[in-house]
Student: 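Below: one structure in structure tokens.
Any value given below was found using the heavy atoms of this structure, including those in side chains, with hydrogens, waters and symmetry copies removed. Atoms within a ligand are numbered from 1 in the order they appear, just like the ligands themselves. In what follows, residues are counted from 1 in the order of the sequence shown.
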Amino acid sequence: MKVLVIGSGGREHALCWKIAQSREVDCVYAVPGNPGINRLEKGKCLPGGVKDFTLIIEHIKREKIDLVVVGPEDPLAAGIVDELNKYGVPTFGPSAEASKLEASKSFAKELMRKHDIPTAKYAVFDDIESAKSYVKIHGVPIVIKADGLAGGKGVTVARDENSAISALEAVMTRKVFGDSGSKVVIEEFLNGEEASILAFSDGRNVLPLASSQDHKPVFDEDKGPNTGGMGAYSPAPVVTPETEEEISNKILTPTITAMAERGILFRGILYAGLMIVDSKPYVIEFNVRFGDPETQAILPRMKSDIVPLFWACIDGTLDKFTLEYYDIACVTIVLASRGYPGSYEKGMLITGIEEAERDPNVVVFHAGTSEKDGKLYTNGGRVLNVTSWDTNLKRATERAYSAVEKIHFDGMHYRKDIARKGLAKLGLL
Ligand code: AMP
Ligand code: GLY
């Protein structure tokens, strides 16, 4: 079987790495992919953008691709699955309509409110004066969210009124996220610990993956501006078996059922970004795809072949599947370029990946790299995801950080406290 993955980041490298382990798979292609994917024994990158549907269809026909797996949200919201289905290409991911769960926060919030799915209280505004009055009445802390896609940067947790007002002005008046900011969701601040639960869905059935925890702010102790994610680990001890059960019964299944009742079959990965408050889970966001970097920390733990699961979601037969995991913990640490998440430089020589990967429990996923004459250079804000696993979280974390020490590029920075919350919960600090 030939599988094509759409995307070019660390998540897509991890997906290709896992897909390539399937005995059914002869070749895993990526558009546009990255040098890490190209270096996989079964890997091959093809040129093109993730929304370049015409070119993607040409590749699919020429290479006789059997299955497509979509990584990022942009092509999903733009209807890549609908488009490929028109050509009869089996594609893993939700339709444009189902992708509204991520692409419109007001749509997701309205669905949750209607079906009593636990989430922060909220209101939606399309004029700034009413939005400002709401902030004045409700006070701070309060959370301001651009309604549409904003590359993970559309959320401001405002701890004083001035920050709330300037966030509203940036989003609604200055339109820093374009049309994504024509509406805003203003939300109650939830005080707890975050976790991510990703689940396969075939439109009716839900199969959750192992829990994980991301680290959004750029600096240690959750300081500094938000990023796409600076590291992750799995499992996340904040998600106890009871909480996991509750997430499944009160959040994931009701969401998929509510979508189906609206005539929208959600087939793909439903990602619930959660705040766990006193052991109770609340949704802070839905995404309609694998998390990045959560996927890099989950897939090395997964014993099951992932390819039959993609087919089961497409065919509507997910109820016949279960997931098996290795009893290990996994940690991924993001190595970022100087300046990220602001503007950053590219083209710095990367060394030490081979040395890091001499440890058989280490894989370095490429997130933003380029290759020239056999040498690797930085080519993005998040450059590498150094991933390691071991019998417990402490060992996995230590192993990941020793691998990080072997890698170098000018301006490289990373968080030194990935997995710390989990280690504290387990009494392993
Ligand atoms: P998002 O882009 O939706 O993941 O939001 C970015 C970050 O804002 C999240 O990772 C949380 O840390 C924070 N956040 C979002 N919504 C809330 C909320 N209602 N209460 C507290 N923090 C929030
Ligand atoms: N890790 C956050 C995201 O994938 O959106």
Side-chain angles (χ1 to χ4, degrees), residues 7 9-12 14-15 70-74 76-77 99 101-106 108-109 112 118-123 138 140-159 163-164 167 171 177 180-181 184-198 209 211-218 221-234 236 238 268-277 280-299 332-334 341 365 367 381-382 385 415 418 421:
R11 163 184 55 205
E12 286 76 20
L15 281 166
V70 185
E73 63 275 20
D74 277 348
L76 290 168
S99 300
L101 271 181
E102 174 168 0
S104 168
K105 292 193 192 288
S106 55
K109 293 295 280 190
M112 287 188 268
T119 187
K121 293 196 187 69
Y122 77 103
H138 286 263
V140 287
I142 199 159
V143 185
I144 314 283
K145 302 186 169 185
D147 183 57
L149 295 179
K153 301 201 174 81
V155 175
T156 303
V157 177
R159 296 185 188 271
S163 325
V171 174
F177 306 114
S180 288
V184 292
V185 171
I186 305 186
E187 212 174 80
E188 164 200 24
F189 173 80
L190 296 172
N191 196 6
E193 188 173 332
E194 283 179 63
S196 307
I197 293 284
L198 283 57
L209 285 87
S211 63
S212 57
Q213 187 173 61
D214 189 8
H215 299 65
K216 297 280 268 187
V218 65
E221 294 172 28
D222 291 335
K223 301 228 165 78
N226 268 345
T227 67
M230 292 299 287
Y233 62 97
S234 173
V238 66
I269 288 285
L270 177 63
Y271 162 141
L274 303 162
M275 191 68 84
I276 315 291
V277 186
K280 295 274 164 229
Y282 294 84
V283 177
I284 51 177
E285 65 165 345
F286 280 129
N287 294 321
V288 299
R289 44 154 181 92
F290 284 98
D292 188 349
E294 289 93 329
T295 305
Q296 293 86 309
I298 295 171
L299 294 187
T332 190
I333 297 161
V334 173
F365 293 120
R382 293 191 289 177
N385 306 148
R415 277 182 63 158
I418 300 302
K421 288 194 197 100

Student: Quick one: which of Glu285, Glu187, Glu188 gives a salt bridge (charged side-chain N to carboxylate O under 4.0 Å, His left out) with Lys109?
Tutor: Glu187
Student: Could you tell me whether the side chain of Ser234 and the main chain of Ser211 form a donor-acceptor pair under 3.5 Å?
Tutor: yes
Student: For ligand 2, find out whether one of its N or O atoms is nearer than 3.5 Å to an N or O atom of Arg11.
Tutor: no
Student: From Arg11 CZ over to Thr332 OG1, what is the distance, rounded to the nearest 0.5 angstrom?
Tutor: 13.0 Å
Student: Report yes if Asp214 has an N/O atom closer than 3.5 Å to an N/O atom of ligand 2; otherwise report no.
Tutor: yes
Student: Please name all residues satisfying side chain to side chain donor-acceptor pair (under 3.5 Å) with Gln296, sequence neighbours left out, ordered by chain then number.
Tutor: Asp292, Asn385
Student: Output the list of atoms in ligand 2 that are nearer than 4.0 Å to some heavy atom of Gly291, sorted by atom number.
Tutor: 4 (O)
Student: Salt bridge between Asp74 and Arg289, side-chain N to carboxylate O under 4.0 Å?
Tutor: no
Student: Measure Glu294 to ligand 2 on non-hydrogen atoms and call it side chain, backbone, both or neither using the 4.0 Å cut-off.
Tutor: side chain
Student: Tell me, do Val283 and Leu274 make a side-chain contact under 4.5 Å, heavy atoms counted?
Tutor: yes
Student: Pairs of donor and acceptor atoms involving the side chains of residues 149-159, under 3.5 Å and at least two apart or interchain, shall be tabulated with distances.
Tutor:
none

Student: Using the test ring pair (Phe, Tyr, Trp, His ring centres under 6.0 Å), find all partners of Tyr233 that sit at least two apart in sequence or belong to another chain.
Tutor: His215
Student: Starting from the N and O atoms of ligand 1, find every protein N or O within less than 3.5 Å and list the pair with its distance.
Tutor:
| unit_1 | atom_1 | unit_2 | atom_2 | d |
| --- | --- | --- | --- | --- |
| ligand 1 | 3 (O) | Glu285 | OE1 | 3.4 |
| ligand 1 | 4 (O) | Glu285 | OE2 | 2.9 |
| ligand 1 | 10 (O) | Glu194 | OE1 | 2.7 |
| ligand 1 | 10 (O) | Glu194 | OE2 | 3.4 |
| ligand 1 | 12 (O) | Glu194 | OE2 | 2.4 |
| ligand 1 | 16 (N) | Lys145 | NZ | 3.0 |
| ligand 1 | 19 (N) | Glu187 | OE1 | 2.7 |
| ligand 1 | 19 (N) | Glu188 | O | 3.0 |
| ligand 1 | 20 (N) | Leu190 | N | 2.8 |

Student: Looking only at protein heavy atoms, identify the closest one to atom 5 (O) of ligand 2 and say how far it is in Å.
Tutor: Arg289 NH2, 2.8 Å
Student: Numbering the atoms of ligand 2 from 1, which are under 4.0 Å from a heavy atom of Gly228?
Tutor: 1 (N), 2 (C)
Student: Out of all atoms in ligand 2, which are within 4.0 Å of some heavy atom of Asn287? Include the element for each.
Tutor: 5 (O)
Student: Applying a strict 4.0 Å limit to heavy atoms, is Ala232 in contact with ligand 2?
Tutor: no
Student: Closer than 4.0 angstrom, basic N to acidic O: yes or no for Glu193 and Lys421?
Tutor: no
Student: Quick one: does Arg415's side chain have a donor or acceptor within less than 3.5 Å of a partner on Pro217's backbone?
Tutor: yes
